[in-house]
J.: 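The structure follows.
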Amino acid sequence: MSLSIPEITLNDGMTIPSIGFGTYKLNGSDGAATISSAINIGYRLIDTAYNYENEGTVGEAVRRSSVPRQDLRITSKLPGRYHSYQKAVTTIQESLYRANLDYYDLYLIHWPNPKQDVYVEAWQALIDAKKWGLIRSIGVCNFLPEHLERLEKETGVKPSINQIELHPFFNQEEQRKWHEQHGIVTESWSPLARANDVFRNETLRKIADNHSKTVSQIILRWHYQLGAVSIPKSSSPERQLENISIFDFSLDDDEMNIILQLTRADGRLKNQDPAVYEEF
């Protein structure tokens, strides 16, 4: 089975689907079966990370699926403890060995860890790994504009993607606008807010009823119309299909704005502010 998903072109020319599949906490044989199911249903962008300890599971899912490797876009991420240049290079190689893949389509720095102040060194390692053919496109997660500006200023290369926390309770309006102005694609982690309260939200339920869609579909369509690539996760094949079936309707401007107004100043799910948060 395959669904037609619109694609987005990154600033380095690589294309990615406008919705992908998150794999956090999908491990082992069950995880491989879940991810393989998602690929067979129609997902082509698969998101993992070194720190999820499931790159091997993702690689196994790719081998189990019916989809050729070249039709997929596989993402992984560099953890904070390996930001120094040589450690970063070795970790990228280790990521590939774990997944038993020849290359990653996307490799991202997971967090800037500004107190450690080694993220520019990590970025240089990603730049070189791309030159060596280990990675097709390079980006970051959770970087603020000042971090992004520094990367480009000191290396001449800007990220293709910045994956950030983005959901109806935290819409990241200023960050999204900055990305748009600088040709960086916004990717949304926790697009459904990881929480059941978003599904009970009366505003979202009303919009969902108006379209005869689920709340999940409304939220994921909202991400798509914002120009953000969302990476929802689900272990249920029915929900996997539901989450990817968002291209047969659209939200009008009023509905988009109503959802934007759900944002909260304290909307971060775990108070992970990239200006101070450290991830190793």
Side-chain angles (χ1 to χ4, degrees), residues 1-11 15-22 38 41-47 73 75 141-142 160-234 236-269:
M1 176 177 188
S2 181
L3 295 167
S4 181
I5 300 172
E7 294 203 323
I8 289 175
T9 302
L10 306 180
N11 59 26
T15 60
I16 62 167
S18 52
I19 186 168
F21 188 74
I41 280 169
Y43 291 87
R44 297 292 177 266
L45 173 65
I46 309 296
D47 181 88
R73 299 289 182 266
T75 305
C141 308
N142 307 300
S160 62
I161 273 181
N162 188 15
Q163 187 183 116
I164 57 174
E165 179 176 358
L166 174 54
H167 46 77
F169 298 148
F170 196 65
N171 72 34
Q172 293 267 37
E173 185 173 7
E174 288 184 19
Q175 181 90 32
R176 285 187 291 104
K177 283 181 179 172
W178 196 95
H179 290 167
E180 198 172 339
Q181 289 164 359
H182 293 84
I184 296 171
V185 167
T186 299
E187 192 171 30
S188 314
W189 62 259
S190 288
L192 301 174
R194 269 195 215 154
N196 285 327
D197 63 335
V198 76
F199 297 122
R200 291 192 293 266
N201 183 277
E202 285 301 322
T203 301
L204 293 169
R205 288 174 72 164
K206 184 177 177 185
I207 295 172
D209 289 344
N210 288 344
H211 288 275
S212 299
K213 296 290 181 182
T214 65
V215 170
S216 295
Q217 288 172 317
I218 295 302
I219 296 171
L220 295 171
R221 179 72 197 190
W222 173 77
H223 283 276
Y224 172 67
Q225 289 185 216
L226 288 177
V229 175
S230 58
I231 43 171
K233 181 188 81 172
S234 177
S236 151
E238 292 77 20
R239 184 64 62 82
Q240 290 172 358
L241 180 57
E242 174 191 305
N243 285 346
I244 212 171
S245 301
I246 59 166
F247 301 107
D248 59 349
F249 76 103
S250 60
L251 302 171
D252 63 30
D253 289 345
D254 286 344
E255 290 169 325
M256 289 293 292
N257 288 325
I258 287 166
I259 298 171
L260 284 168
Q261 287 164 22
L262 296 174
T263 199
R264 305 166 181 168
D266 63 347
R268 291 190 191 276
L269 296 176

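For the numbers below, each heavy atom of this structure counts, side chains included, while hydrogens, waters and symmetry mates do not.
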J.: Check whether any side-chain heavy atom of D47 lies under 4.5 Å from a side-chain heavy atom of Q163, and answer yes or no.
T.: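 They are in contact (side-chain heavy atoms under 4.5 Å apart), so the answer is yes.
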J.: List the atom of H167, the atom of G267, and the distance in Å for their closest heavy-atom pair.
T.: CE1-O, 3.3 Å
J.: Please answer whether the main-chain N or O of P232 pairs with a side-chain N or O of S230 as donor and acceptor at a distance below 3.5 Å.
T.: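 Between the backbone of P232 and the side chain of S230 there is no qualifying donor-acceptor contact (under 3.5 Å).
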J.: Considering non-hydrogen atoms only, spot the tightest contact between Y43 and Q240 and give its length.
T.: OH-O, 2.6 Å
J.: Going by side chain to side chain donor-acceptor pair (under 3.5 Å), name the residues that satisfy it together with T214, two or more places apart in sequence or in a different chain.
T.: Q217, E242
J.: With heavy-atom distances below 4.5 Å as the criterion, would you say the side chains of I218 and L251 are in contact?
T.: yes
J.: Quick check against the 3.5 Å criterion: does S216 have a side-chain atom that pairs as donor or acceptor with the backbone of N243?
T.: no
J.: If you define the side chain from C-beta out and look only at heavy atoms, does anything of D197 sit under 4.5 Å from F169?
T.: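 Yes, side chains in contact.
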J.: Evaluate the side-chain proximity of N171 to R176: yes if any heavy-atom separation is below 4.5 Å, no if none is.
T.: yes
J.: Taking atom CD of E7 as the centre, does the number of heavy atoms from other residues, nucleotides or ligands within less than 6.0 Å exceed 12?
T.: yes
J.: Okay, side chain of E255, backbone of D252: is any donor-acceptor separation there less than 3.5 Å?
T.: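 The answer is yes, because a donor-acceptor pair under 3.5 Å joins these two groups.
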J.: So L166 and H223, do their side chains get closer than 4.5 Å, heavy atoms only?
T.: yes
J.: Check whether NZ of the Lys or CZ of the Arg R268 lies under 6.0 Å from the centre of the six-membered ring of F170 and within 45 degrees of that ring's axis.
T.: no
J.: According to ring pair (Phe, Tyr, Trp, His ring centres under 6.0 Å), who are the partners of Y224, at least two apart in sequence or on a separate chain?
T.: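 With sequence neighbours excluded, Y224 shows a ring pair (Phe, Tyr, Trp, His ring centres under 6.0 Å) to F247, given in chain and number order.
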J.: So which atom in G22 and which in K233 form the shortest heavy-atom distance, rounded to 0.1 Å?
T.: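 Looking at all heavy atoms of both residues, the closest pair is O-CG, 3.1 Å.
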J.: How far apart are the closest heavy atoms of I5 and G42, and which atoms are they?
T.: CD1-O, 3.5 Å
J.: If we only count heavy atoms from C-beta on, is the L269 to E165 side-chain gap below 4.5 Å?
T.: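 In contact.
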J.: Report, as yes or no, whether the 6.0 Å neighbourhood of atom CG on N257 holds more than 12 heavy atoms from other residues, nucleotides or ligands.
T.: yes
J.: With distance as the sole test, does S188 use its side chain to make a donor-acceptor pair with the main-chain N or O of P191 at under 3.5 Å?
T.: no
J.: Does the side chain of W189 come within less than 4.5 Å of N142's, by heavy atoms?
T.: yes
